[in-house]
Asks: 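The structure that follows is given in the form of structure tokens.
Order of appearance sets the numbers: ligands from 1, and atoms from 1 within every ligand.
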Amino acid sequence: MSYAIVGFGAVGRALAHAFARKNIKVAVASRRPPEALAPQARAIGPTVVAKSLRDALEADTIILAVPFGEHREVAKALPSWKGKTVIDAMNALVPLEELDGLPSSAFVAKAFTGAKFVKGFNHLIAATLAADPIVEGGHRVVFLSSDDEDATAPVAALAKQLGFAPVKLGKLNEGGALVHARGRTWGPLIFQDLFKKEQ
Ligand SMILES: NC(=O)c1ccc[n+]([C@@H]2O[C@H](COP(=O)([O-])OP(=O)(O)OC[C@H]3O[C@@H](n4cnc5c(N)ncnc54)[C@H](OP(=O)(O)O)[C@@H]3O)[C@@H](O)[C@H]2O)c1
């Protein structure tokens, strides 16, 4: 599997720390050229490699960590998303009417036609997401939701590899609603920093 994070702001860097902690290679990209991102990427760890957006999108699994309104620009950068897994770490603080009444990730998924689409890593503030997810023998929980059950398993495996405890919430408009920002209202699980103890 190959991984890329699109967006190298607070959340993109937090996730890059998680990959670096486990020595997992990850490309990072934004609208800026890779040379502009490289010093910060290198400072996070040797497995974090700054690339152009086009090169980063060659990865199998792409994490969206851009402002919600920018997702369409990212989607346009590839002619087809078939065969890709897209993880939506964004929160949409826009009125529901602007989302055609859909959960934000279902709205975003429409722009990434053909991709296996999973919402995840969005419910924690960036500083918490950047911290070591292993605390007192427990693993920090991340919530995953998707309308495609097959898409969730590899993302859960990645979350585990990164040291998190993935909790599957089911479909985007069912359990996934618990981690969705809806207009100015936060889903009840957003910001809940939970841990799962080893069993
Ligand atoms: N901050 C948090 O605590 C937090 C927590 C959970 C979820 N989120 C969600 O995560 C997402 C990112 O938040 P953030 O706080 O990390 O934002 P941020 O600090 O403003 O970073 C956004 C990043 O996206 C890049 N970007 C913007 N437009 C782009 C485009 N069209 N193509 C490629 N890269 C683009 C920006 O870099 P360039 O300007 O160089 O392109 C920047 O690196 C948002 O959807 C937010 O709701 C944030």
Side-chain angles (χ1 to χ4, degrees), residues 3-19 26-44 48-59 61-78 81 84 86-96 98-99 102-109 111-112 115 117-131 133 140-145 155 159 162 164 166 169 172 176-194:
Y3 302 103
I5 301 166
V6 177
F8 197 46
V11 167
R13 290 196 301 270
L15 287 164
H17 276 284
F19 280 84
V26 66
V28 294
S30 80
R31 291 169 298 191
R32 282 173 289 159
E35 306 79 64
L37 308 182
Q40 250 184 329
R42 266 198 300 271
I44 293 173
V48 181
V49 181
K51 292 193 176 174
S52 67
L53 181 61
R54 182 176 289 256
D55 287 349
L57 294 183
E58 283 176 13
T61 300
I62 291 140
I63 308 179
L64 298 176
V66 296
F68 177 77
E70 291 294 325
H71 73 267
R72 284 191 200 83
E73 287 306 310
V74 179
K76 277 195 260 171
L78 273 190
W81 286 86
K84 303 282 188 189
V86 173
I87 304 173
D88 179 8
M90 300 181 296
N91 287 315
L93 301 176
V94 297
L96 271 187
E98 288 180 28
L99 302 174
L102 294 169
S104 64
S105 290
F107 184 82
V108 173
F112 292 84
F117 197 91
V118 179
K119 185 174 186 74
F121 299 98
N122 67 297
H123 88 288
L124 295 168
I125 59 162
T128 306
L129 191 62
R140 177 169 281 120
V141 166
V142 289
F143 297 107
L144 303 179
S145 47
V155 179
L162 296 175
F164 293 94
L169 297 177
L172 295 171
L178 299 170
V179 284
H180 272 122
R182 289 176 175 269
R184 298 214 158 269
T185 312
W186 297 103
L189 289 180
I190 291 192
F191 304 132
Q192 299 296 325
D193 189 13
L194 306 176

Asks: Using heavy-atom distances, let me know which of Val66, Thr128, Val108, Leu129 sits nearest atom 11 (C) of ligand 1.
Replies: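 It is Val66 that holds the nearest heavy atom.
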Asks: On a heavy-atom basis, I'd like to know which of Ser104, Ala10, Gly7 is closest to atom 19 (O) of ligand 1.
Replies: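 The nearest heavy atom belongs to Ala10.
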Asks: Taking only heavy atoms of Ala65 into account, list the atoms of ligand 1 that are under 4.0 Å away from them.
Replies: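 Ligand 1 atoms under the 4.0 Å threshold to Ala65: 11 (C), 12 (C), 22 (C), 23 (C), 24 (O).
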Asks: Which residue and atom name correspond to the protein heavy atom nearest atom 20 (O) of ligand 1, and how close is it?
Replies: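 Scanning the protein heavy atoms, the shortest distance from atom 20 (O) of ligand 1 goes to Pro67 CG, 4.6 Å.
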Asks: Tell me the protein heavy atom at minimum distance from atom 28 (N) of ligand 1, and give that distance in Å.
Replies: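 For this ligand atom, the closest protein heavy atom is Glu70 CG, 3.2 Å.
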Asks: Counting only heavy atoms, which portion of Asn91 has something under 4.0 Å from ligand 1: side chain, backbone, both, or neither?
Replies: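 Under 4.0 Å from ligand 1, Asn91 contributes backbone and side-chain atoms.
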Asks: What part of Arg32 sits under 4.0 Å from ligand 1 if we count only heavy atoms: the side chain, the backbone, both or neither?
Replies: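 Contact part for Arg32 vs ligand 1: both backbone and side chain.
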Asks: Answer yes or no: is there a donor N or O on one side and an acceptor on the other, between the side chain of Lys51 and the main chain of Pro34, under 3.5 Å?
Replies: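 It does not hold such a pair.
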Asks: Just let me know how Leu124 lines up against ligand 1, side chain, backbone, both or neither, with a heavy-atom cut-off below 4.0 Å.
Replies: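 Backbone only; the side chain of Leu124 stays clear of ligand 1.
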Asks: Donor-acceptor check, side chain of Asn122 to backbone of Val179, threshold 3.5 angstrom: yes or no?
Replies: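 Pair found, side chain donor or acceptor close to backbone of Val179.
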Asks: Is there a donor-acceptor pair closer than 3.5 Å between any side-chain N or O of His71 and the backbone N or O of Phe68?
Replies: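 Indeed, once roles are kept as given, a pair shorter than 3.5 Å links the two residues.
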Asks: Counting non-hydrogen protein atoms only, what is the nearest one to atom 16 (O) of ligand 1? Give residue, atom name and distance.
Replies: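 For this ligand atom, the closest protein heavy atom is Val11 N, 2.8 Å.
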Asks: Is Phe8 close to ligand 1, meaning an N/O of one under 3.5 Å from an N/O of the other?
Replies: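 Phe8 vs ligand 1: N/O contact under 3.5 Å present.
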Asks: Within a distance under 4.0 Å of any heavy atom of Ile125, pick out the atoms of ligand 1 and give their elements.
Replies: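 Reading through ligand 1 atom by atom, the close ones are 3 (O).
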Asks: Considering non-hydrogen atoms only, spot the tightest contact between Leu37 and Ser30 and give its length.
Replies: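 The answer is CD1-N, 3.6 Å.
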Asks: Taking the minimum heavy-atom distance to atom 29 (C) of ligand 1, which of Arg13, His123, Arg31, His71 ranks first?
Replies: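 When every heavy atom of Arg13, His123, Arg31, His71 is considered, Arg31 comes closest to atom 29 (C) of ligand 1.
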Asks: Heavy atom to atom 2 (C) of ligand 1, shortest distance: which of Ala126, Gly9, Ala130 holds it?
Replies: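 Nearest option to atom 2 (C) of ligand 1, by heavy atoms: Ala126.
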Asks: Tell me which part of Ala89 gets within contact of ligand 1: side chain, backbone, both or neither, using heavy atoms under 4.0 Å.
Replies: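 Backbone only.
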Asks: What's the verdict on side-chain hydrogen bond (donor to acceptor under 3.5 Å, both in side chains) for Asp193 and Thr128, showing C-alpha distance, side-chain angles and the deciding distance?
Replies: CA-CA 8 Å; Asp193 189 13; Thr128 306; 4.9 Å; no
Asks: Students should be able to answer this: which protein heavy-atom is nearest to atom 34 (N) of ligand 1, and at what distance?
Replies: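 For atom 34 (N) of ligand 1, the nearest protein heavy atom is Ser30 CA, 3.3 Å.
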